[in-house]
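Side-chain atoms are counted along with the backbone in the values below, which use heavy atoms only and exclude waters and symmetry mates. Fair warning: this is a prediction, and the values are worked out from it, not measured in the lab. In what follows, chains are A, B, ... by sequence order, proteins preceding strands, each numbered from 1.
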Number of protein chains: 2
Amino acid sequence: MTLTDGRRPGSRGVAADHVSLRRNNLSVVLRHVRDLGPRSRARIAEETGLNKATVSSLVAELVERGLLREGLADSSRALGRPGQLVELDGTGVCGVGAEINVDYLAVAALDLAGDVVLEKRVPVDVAHLEPGTTLDRLAELVREAVTAVDVRHGELAGVTLAVPGLVQVETGELKLAPNLGWGELSVAQEMRRRLGEPTYPLHVDNEANLAALAAYAELRRTEDESLHDLVLLTGAVGVGGGVVAGGHLMRGGHGYSGEVGHMPVAPPGRTCGCGRTGCWETVVGLTALLHKATDRDDPVRDPSLDVEQRLAGITRRAEAGDPRTLSALKDVGTWLGIGGAILVNILNPDVLVLGGYFAVLGPWLKEPLEKAIQDRVIAPDGGGCRVVRSELGFAAAVRGGAQISLDQVFVDPTRIGATP
Amino acid sequence: MTLTDGRRPGSRGVAADHVSLRRNNLSVVLRHVRDLGPRSRARIAEETGLNKATVSSLVAELVERGLLREGLADSSRALGRPGQLVELDGTGVCGVGAEINVDYLAVAALDLAGDVVLEKRVPVDVAHLEPGTTLDRLAELVREAVTAVDVRHGELAGVTLAVPGLVQVETGELKLAPNLGWGELSVAQEMRRRLGEPTYPLHVDNEANLAALAAYAELRRTEDESLHDLVLLTGAVGVGGGVVAGGHLMRGGHGYSGEVGHMPVAPPGRTCGCGRTGCWETVVGLTALLHKATDRDDPVRDPSLDVEQRLAGITRRAEAGDPRTLSALKDVGTWLGIGGAILVNILNPDVLVLGGYFAVLGPWLKEPLEKAIQDRVIAPDGGGCRVVRSELGFAAAVRGGAQISLDQVFVDPTRIGATP
DNA sequence: ATTTTGTCTGTTGAGCCAACAAACTAAGTT
DNA sequence: AACTTAGTTTGTTGGCTCAACAGACAAAAT
């Protein structure tokens, strides 16, 4: 809508001057090269509508700032002088994402091109630790990532922390994280203190939101540029939802959107962690699957096993064609579709992305899920919504966190590089 | 995000030049005056961050275009030379909205200040007419509105048609309108032909979407500038939903968002119009209320009565304290809250607006509704969501249609007025 | 010779800055 | 009470800067 708003939603736009004009056009060129790949200045000019001379000047500044670099000569066109390819220079800038989850901590550093500089995940039983202790260990991971960025001589665009709970994004305060057993806590402030009041931006966001953003970036990169609306469902003990609508992360009025796990869609059965019955996650959460597929004394329910080991067990049985496992998966898939249909009716996304354990067991869930959606969505052909498994696994949130930090650079390239 | 994108979601921004810079700042000043009321140039400069001289130049151009005008002297400040107030000039430009609904056609013309120039509603039994006949009669109404704008010497910013169905906004094609009994139909093309291929922009949109937009504009005007997220529920035979997220109308990937009526939340009871059972509208639609509150031979079920007469009957009984009516209303209110809680959990709006018959019976629905939401929303304090009755009644969609046409002028004021 | 690229030069247009005249209030002076 | 003076705020003017644009042109290929 306006030159400089960036985040602030529905804002009345912001007065623009020469500086913001320049900033806008730097951003346009930088994103053009990111999205459409290396190309000559002349071609950028042609495609963006900017003047050739202007593109030259913009590219020069972006090269100066270490965001673009000159590549090979472009010999693709038959006639005339070949152009000098201009491409994204990944090495200059990195973003870092870090995640606190129920049974692990994780961190990732991505460079500007989206390539992984460092990715690390350590199992931690967060619910049985003091929050302070967990934050100490997370800070240690973040320091590692920052060091890795330093070693690479990259500038750090920012750090974003992913938390499975209700987060006030503006202040970085956590309101509630039931699965961690955490209440109100100023995560941003605590982390800044532990990291020695760093100068780079540090934000906190909801884990499913960041995972949705990562999936969005991934799908646009690999498949479809015209994709703007997406819903991501992460399956764990609970169910998290992240929504990208019109190309923007949907946060809601107070940042509490996407809480899909407690939609009352199931018949009153087992009591949910929230104290109610009939919540969606009581029929599609991992616990629900285990109860349907196994008896109490089944080895995959052994408390010493972690999530991945359990999933491996279920997968093995499904592959072997075990009828009870297959029936439980079909059941969960159908319930997933019943709730999914609600989301599709309300949000009409282009894609429904399965993350977390839903992605792992996707091959068996997808068919009943798609059928349930087709049956229940009122728009023709299910509103044109496809179901896709996320490829990112448990790294989705940290990748999204790193991505969102890097996004700021693409919105305002003047954040980076010396201003002599 | 960018200077010129306007609508296109998630787009890679657009190259900006001096013209777009100027356009942006014209828009900033115009919207500033609209939203914050008449004020002096000096104050506009101070509040927007633009330079005094620049504001003078921008105001001069906007006055030239007939969008602003000079008002009285501002004697509110104690010291110094009093400023000349600059205010919105409503007279210059108008927008028109028109609506096709199950039992009426309607039209409205609003001027730039949002004041009503003309508003008209005629009962028509659309489902029993040929679509062509209905469009003929709607075209007649639109011509009346356009004439009213002409008489006022106003420039016409655009016409937007509201339809209760699935609409492809870009092309103006209707895909499906079950309540009208209409299938695929290029409404925009048909209307353009009937209006003699007019030069002004003509768009088609979903009725609930436009109603949501009207409610959004109304609430921001009267209450709260910081409001950016809203859900509107229109109660009729079915239930429609419109969503404003982050200050933008949420349309979904294919424009089919907000179809909330068929969320499967109720126990399998009466069969819904869509052929399934358990749809939300089978427990909160007007039909459901009538079945709960009255017997088969009750006078308010007389087929010769229209919606408003029926509602008047129910209201009378509720006011008189009739126990069966009150119990039915409480029931519907609770179910409204159960579905509403799903929406609030997913979207976390600042406000849930009750439109259509929900607004009329709001006094009795609101309490059980709010309780159901408080009980079911996972975010603290119901996610901070208030429940509000819409004041706009059946005019909401046409107002929203007129508004959305006018919005284009606020985004790009250079659309209007001679460019000598 | 032709075509395409990328740079250079001068022009245009819009916002910024500083100075200033105009219009008003407040307070002192006659 | 009438007049003067100082102080404040408004809105305009002229000069400056910055960024995009248009067109010319050299370089590098076929």
Side-chain angles (χ1 to χ4, degrees), chain A residues 2-4 13-29 33 38-64 68-86 413-414 419, chain B residues 2-4 13-29 33 38-64 68-86 413-414 419:
Chain A
T2 70
L3 210 60
T4 42
V14 170
D17 60 2
H18 295 122
V19 178
S20 35
L21 181 60
R22 181 73 174 181
R23 181 165 52 221
N24 178 75
N25 288 345
L26 286 168
S27 169
V28 165
V29 170
V33 173
R39 58 230 306 107
S40 71
R41 293 168 175 81
R43 195 156 163 215
I44 295 171
E46 200 181 331
E47 289 164 344
T48 59
L50 287 160
N51 188 279
K52 268 197 304 175
T54 309
V55 170
S56 271
S57 152
L58 291 167
V59 167
E61 179 170 345
L62 289 167
V63 169
E64 173 109 5
L68 291 180
R69 65 171 166 236
E70 270 200 353
L72 307 166
D74 177 16
S75 43
S76 68
R77 298 209 183 184
L79 240 55
R81 170 180 163 182
Q84 289 296 115
L85 288 184
V86 172
T414 62
T419 328
Chain B
T2 72
L3 212 60
T4 43
V14 169
D17 59 3
H18 296 122
V19 178
S20 36
L21 182 60
R22 182 75 175 180
R23 180 164 55 222
N24 177 75
N25 288 345
L26 287 168
S27 168
V28 165
V29 170
V33 173
R39 60 228 308 105
S40 69
R41 293 167 175 81
R43 199 161 159 210
I44 294 172
E46 199 183 332
E47 289 165 343
T48 59
L50 286 160
N51 189 277
K52 271 199 300 175
T54 309
V55 170
S56 273
S57 152
L58 291 166
V59 166
E61 179 169 345
L62 290 167
V63 168
E64 173 109 7
L68 292 180
R69 68 172 165 235
E70 271 203 350
L72 307 166
D74 176 18
S75 45
S76 68
R77 296 210 185 183
L79 243 54
R81 169 179 165 182
Q84 290 296 114
L85 288 184
V86 173
T414 61
T419 326

Rounding to a whole Å, what distance do you find between [X]:[atom1] and [N]:[atom2]?
X     : N      : atom1 : atom2 : answer
A:E61 : D:dA20 : CD    : C1'   : 14 Å
A:N24 : D:dC18 : CG    : P     : 19 Å
B:L85 : D:dT10 : CG    : P     : 11 Å
A:Q84 : C:dT4  : CD    : P     : 18 Å
B:R41 : C:dG15 : CZ    : P     : 16 Å
A:L68 : C:dG6  : CG    : P     : 13 Å
A:R43 : C:dT4  : CZ    : P     : 14 Å

- Item | Residues touching DNA chain D, which here means a heavy atom under 4.0 Å, drawn from residues 50-58 of chain B |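 B:K52, B:A53, B:S56 - these, ordered by number, are the residues of the stretch whose heavy atoms sit under 4.0 Å from the strand.
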
- Of all residues at least two apart in sequence or in a different chain, which pass the side-chain contact (heavy atoms from CB on, under 4.5 Å) check with A:Q84?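 A:R41, A:E70, A:A73.
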
- Determine: side-chain N/O of A:R22 to OP1/OP2 of D:dC18, distance under 4.0 Å, yes or no.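 For D:dC18, neither OP1 nor OP2 has a side-chain N or O of A:R22 closer than 4.0 Å.
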
- Query: Within the pair A:N25 and D:dA20, is there a side-chain N or O less than 4.0 Å away from OP1 or OP2?
  - Reply: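 Affirmative; the distance criterion is met.
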
- Given side chains that start at C-beta, do those of A:L26 and A:L62 come closer than 4.5 Å, heavy atoms only?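 Yes. Closest side-chain heavy atoms under 4.5 Å.
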
- Query: Hey, what do you get for CG (A:L21) to CZ (B:R22), rounding to the nearest 0.5 Å?
  - Reply: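 The CZ atom of B:R22 is 14.0 Å from CG of A:L21, to the nearest 0.5 Å.
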
- Query: What distance do A:E64 atom CD and A:E61 atom CD have between them, rounded to the nearest 0.5 Å?
  - Reply: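 The CD atom of A:E64 sits 7.5 Å away from the CD atom of A:E61.
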
- Quick one: does B:N25's side chain have a donor or acceptor within less than 3.5 Å of a partner on A:A15's backbone?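 Judged by distance alone, no pair lies under 3.5 Å.
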
- Please answer whether the main-chain N or O of A:V14 pairs with a side-chain N or O of B:N24 as donor and acceptor at a distance below 3.5 Å.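 Looks like yes, one N/O pair under 3.5 Å.
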
- For the side-chain contact (heavy atoms from CB on, under 4.5 Å) test, which of B:T48, B:V33, B:V55, B:I44 pairs with B:V28?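 Exactly one candidate clears the test, B:T48.
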
- Nearest-nucleotide 5' precedence on DNA chain C, A:A42 against A:H18: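 Between the two, 5'-proximity favours A:A42.
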
- Query: Between D:dT12, D:dC21, D:dT10, which nucleotide gets closest to the side-chain atoms of B:D17?
  - Reply: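 In terms of side-chain proximity for B:D17, the closest of D:dT12, D:dC21, D:dT10 is D:dC21.
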
